[in-house]
Structure formats: structure tokens, C-alpha cells
Amino acid sequence: MGRGERGVVARLGALAAASPEGFSERVLERVGLARDRYAVVDHLSEPVYVAYDDAGVSFVRAVRHVGDAHAFERAFADHFGREVRRADALPPDVAAALRDGRARGVRLDLAGLSDFERSVLRKTLDIPRGEVRTYAWVAGEIGRPRAVRAVGSALGRNPVPILLPCHRVVRSDGSIGEYIAGAGMKRSLLAREGAPVDEVERLGRAGIRFLGSDTTHVFCVPSCRHARRVSPAHLVAFARADVPARRGYRPCRHCRPAPLATGG
């Protein structure tokens with residue numbers, strides 16, 4: 001649905017605000033613009049609402065966080081300025097993406113977000129399952145290394161969490177950070193993906209941000225699959241990325257460790 005059509009939908013919805021219940025829905029259906037649907041699906045242990053339209057998935061929220069179906073419909077209307085209708089089931093590709101946590105190839109409707117916000121959210125797709133990266137890493141990857149706080153704000157506006165996995169972004173000190181559906185669900189998602197959250201937090205409390213191998217002279221972020229293969233006898237801990245570089249270590253090509261940034 002293009003911007004012009006969205007504007008028509010919003011104006012029709014406003015005109016029908018004082019009309020009998022269901023009137024605006026019937027009008028939009030008659031003109032072919034009632035395309036927003038949603039379904040409730042069980043994702044892991046957390047049921048979630050998933051809304052979609054012709055452009056793709058547009059809104060995902062945890063049932064526990066939002067409330068009942070009417071509350072979700074109100075939240076959707078507040079966010080988009082239009083109505084959403086209940087569907088029996090999700091499109092098969094969306095259901096599969098939610099089931100396995102791999103959203104590449106699924107169409108997403110990110111209309112209304114800025115270019116910066118879209119670049120931040122799409123960058124989370126580069127974080128592998130079972131691993132985490134920091135806000136500073138995301139900022140550096142999109143070419144805005146000083147925009148760490150803005151990255152956090154963009155992640156907080158994610159309309160389609162889980163599919164755009166902002167839960168895989170943590171603070172530079174290793175702590176789990178905030179999440180749209182609460183820290184409990186974030187921790188649950190990461191644990192089910194196999195991310196070593198407790199170990200990352202433990203290392204963070206000890207001031208360790210990077211791990212290297214004294215045999216390969218490669219250094220990584222602690223959750224990187226390559227760092228986790230190094231035997232304890234050959235692990236070397238670093239507090240900052242400039243230290244291993246001075247000692248002849250090179251950054252891992254898989255996790256691309258970024259320098260520690262304030263506030264990340």
C-alpha cells in the first residue's frame with residue numbers, strides 16, 4: 001500500500017469515527033483498501049500478535065505485553081492511524097520465519113520509519129542466531145559510530161521485533177539492556193537461540209569486552225562462534241579493541257568487533 005492509499009485510509013477512518021460500528025471497515029473493503037490483518041501465534045513460549053498487509057508484516061507485539069485483542073487493535077490504530085482485522089492464520093512464510101527465527105526473505109512493511117531507523121533495524125539481520133552485538137557495533141556498522149544513543153532509540157521503535165531481531169543487541173558492558181516486550185522475553189529469546197547471555201554478562205562485569213586466541217591472533221566479541229571454540233588455555237581477554245590491535249591481533253571477519261563506544 002503506497003503513501004497515497006494510506007492517506008486515503010486515514011481520512012476515511014477519520015470520517016467514519018462517529019459512524020456505526022464496522023462502518024469504516026465495510027467502506028474500506030468496498031474500495032479495496034482494507035488490507036491490514038492480524039493473527040495470534042505461539043512463538044516459543046510467548047504468544048504474539050502479528051499484523052500484515054500487502055507490503056508485508058507491519059506490526060508484532062507480545063500478547064503478555066499488549067493485552068487482549070482489543071488492546072492490540074487499539075495499539076495498531078494508534079501507531080498507524082487505521083484499523084486492523086482479525087485473520088484465521090498468518091501467511092505460511094511469516095509463520096515459518098517466526099518459528100525458526102530467520103526472517104530473511106520475508107517482506108516487511110517499514111513505512112513511517114526514517115532511513116536511519118530502517119538501516120539500524122535491518123542491520124540486526126546480520127547478527128547470527130546464538131550471538132549478540134552491542135549498540136556501538138550497530139552504530140559502527142552503519143557508518144554512524146557516534147550515534148549509539150540514536151541506535152538505541154531506533155531499536156526501541158522496531159515495529160516488527162523477533163523478525164527484525166533487535167533482541168540480539170545488548171549494551172557494551174555485556175548487560176542485556178531494554179526490550180520492547182520486556183527484558184524477560186529478551187532473555188528468553190536469546191536463551192532459546194543458544195546465545196551465551198550469562199557468560200557475556202559475567203565477562204562484562206569483569207570489564208572484558210573482547211576475547212582473542214593466542215594461537216591464531218584473532219580477536220572477537222565474546223558471543224562469536226569462533227571465540228567460543230577457543231580452548232580456555234589459549235583465550236586472551238581484552239577490555240578495549242585498540243589493545244589487541246597493538247599486540248598484533250587482527251579482528252575476526254565473522255563478528256567484526258567494533259571499538260568500545262561510550263554509552264553503547
Side-chain angles (χ1 to χ4, degrees), residues 1-41 43 46-91 93-95 97-98 103 106-125 147 149-167 178-182 185:
M1 186 184 296
R3 289 186 178 180
E5 288 178 325
R6 292 181 192 280
V8 171
V9 172
R11 289 194 292 275
L12 285 172
L15 288 172
S19 302
E21 184 176 357
F23 174 79
S24 59
E25 249 180 28
R26 292 193 296 272
V27 171
L28 293 173
E29 284 180 344
R30 181 65 61 87
V31 297
L33 295 176
R35 299 172 181 170
D36 293 291
R37 298 286 188 272
Y38 78 95
V40 183
V41 295
H43 175 266
E46 295 272 349
V48 294
Y49 297 107
V50 182
Y52 58 95
D53 57 27
D54 288 353
V57 180
S58 58
F59 206 50
V60 176
R61 288 295 183 267
V63 171
R64 182 175 62 173
H65 182 69
V66 176
D68 63 19
H70 291 298
F72 174 75
E73 291 168 9
R74 287 195 300 271
F76 183 95
D78 289 343
H79 189 88
F80 293 102
R82 61 184 190 269
E83 297 177 358
V84 63
R85 296 184 62 194
R86 185 80 173 252
D88 292 331
L90 292 175
D93 62 329
V94 177
L98 285 166
V106 174
R107 292 188 304 155
L108 302 174
D109 183 357
L110 301 181
L113 298 180
S114 68
D115 289 342
F116 174 80
E117 289 168 333
R118 283 193 291 270
S119 68
V120 167
L121 294 175
R122 291 198 178 280
K123 177 49 63 174
T124 64
L125 290 170
R149 292 187 183 278
V151 163
S153 297
L155 293 172
R157 292 199 63 201
N158 186 358
V160 286
I162 302 174
L163 292 174
L164 286 178
C166 58
H167 61 276
E178 298 178 357
Y179 188 56
I180 294 168
M185 185 173 183

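The first residue of the sequence shown is numbered 1, and numbering continues consecutively from there. Because the structure is a prediction, the values reported are computed rather than measured.
- Note: Phe72 and Tyr38 have tilted aromatic rings, judged against thresholds of 30 and 60 degrees for the angle between ring planes.
- Evaluation of the side-chain hydrogen bond (donor to acceptor under 3.5 Å, both in side chains) rule for Arg74 yields no partner, not counting sequence neighbours.
- Shortest non-hydrogen contact noted between Arg86 and Arg37 is O-CD, 4.5 Å.
- In terms of heavy-atom proximity, Leu90 sits nearest to Val94 at CD1-CG1, 4.0 Å.
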For this session: Evaluate salt bridge (charged side-chain N to carboxylate O under 4.0 Å, His left out) for Asp109 paired with Arg35, printing each intermediate quantity in order.
Result: CA-CA 12 Å; Asp109 183 357; Arg35 299 172 181 170; over 6 Å; no

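- Here the CG atom belonging to Leu163 is positioned 4.5 Å from the CG atom belonging to Leu98, to the nearest 0.5 angstrom.
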Problem set entry | Pair Leu155-Thr124, side-chain contact (heavy atoms from CB on, under 4.5 Å): steps then yes or no | CA-CA 9 Å; Leu155 293 172; Thr124 64; 3.8 Å; yes

For this session: Check the pair Met185 / His65 against side-chain contact (heavy atoms from CB on, under 4.5 Å), numbers first and verdict last.
Result: CA-CA 10 Å; Met185 185 173 183; His65 182 69; over 6 Å; no

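- Closest of all the heavy-atom pairs between Phe59 and Val160 is N-CG1, 3.7 Å.
- Leu164 CG to Leu108 CG: the interatomic distance, rounded to the nearest 0.5 Å, is 5.0 Å.
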For this session: For the pair Leu110 and Arg122, evaluate side-chain contact (heavy atoms from CB on, under 4.5 Å) and give the outcome as yes or no after the intermediate values.
Result: CA-CA 10 Å; Leu110 301 181; Arg122 291 198 178 280; 3.7 Å; yes

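- Every side-chain hydrogen bond (donor to acceptor under 3.5 Å, both in side chains) that Asp115 has, sequence neighbours left out, goes to Arg118.
- In terms of modelled atom types and a separation under 3.5 Å, the side chain of Tyr52 and the main chain of Ala39 share no donor-acceptor contact.
- Between the His167 side chain and the Tyr179 main chain, no donor and acceptor come within less than 3.5 Å of each other.
- Proximity of Arg61 to Pro161: side-chain heavy atoms (C-beta onward) are separated by under 4.5 Å at one or more points.
- The two atoms that bring Leu121 and Ala154 nearest to each other are CD2-O, 3.8 Å, heavy atoms only.
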For this session: Applying side-chain contact (heavy atoms from CB on, under 4.5 Å), run through Glu83 and Phe76 and close with a yes or a no.
Result: CA-CA 7 Å; Glu83 297 177 358; Phe76 183 95; over 6 Å; no

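- Counting all heavy atoms, side chain and backbone alike, Val40 lies closest to Val63 at CG1-CG2, 4.1 Å.
- Side-chain N or O atoms of Arg107 include one that pairs as donor or acceptor with a backbone N or O of Asp54 at under 3.5 Å.
- In terms of heavy-atom proximity, His79 sits nearest to Pro159 at NE2-CB, 4.5 Å.
- Scored by the salt bridge (Lys or Arg N to Asp or Glu O under 4.0 Å) test, Asp68 finds no partners at all (sequence neighbours excluded).
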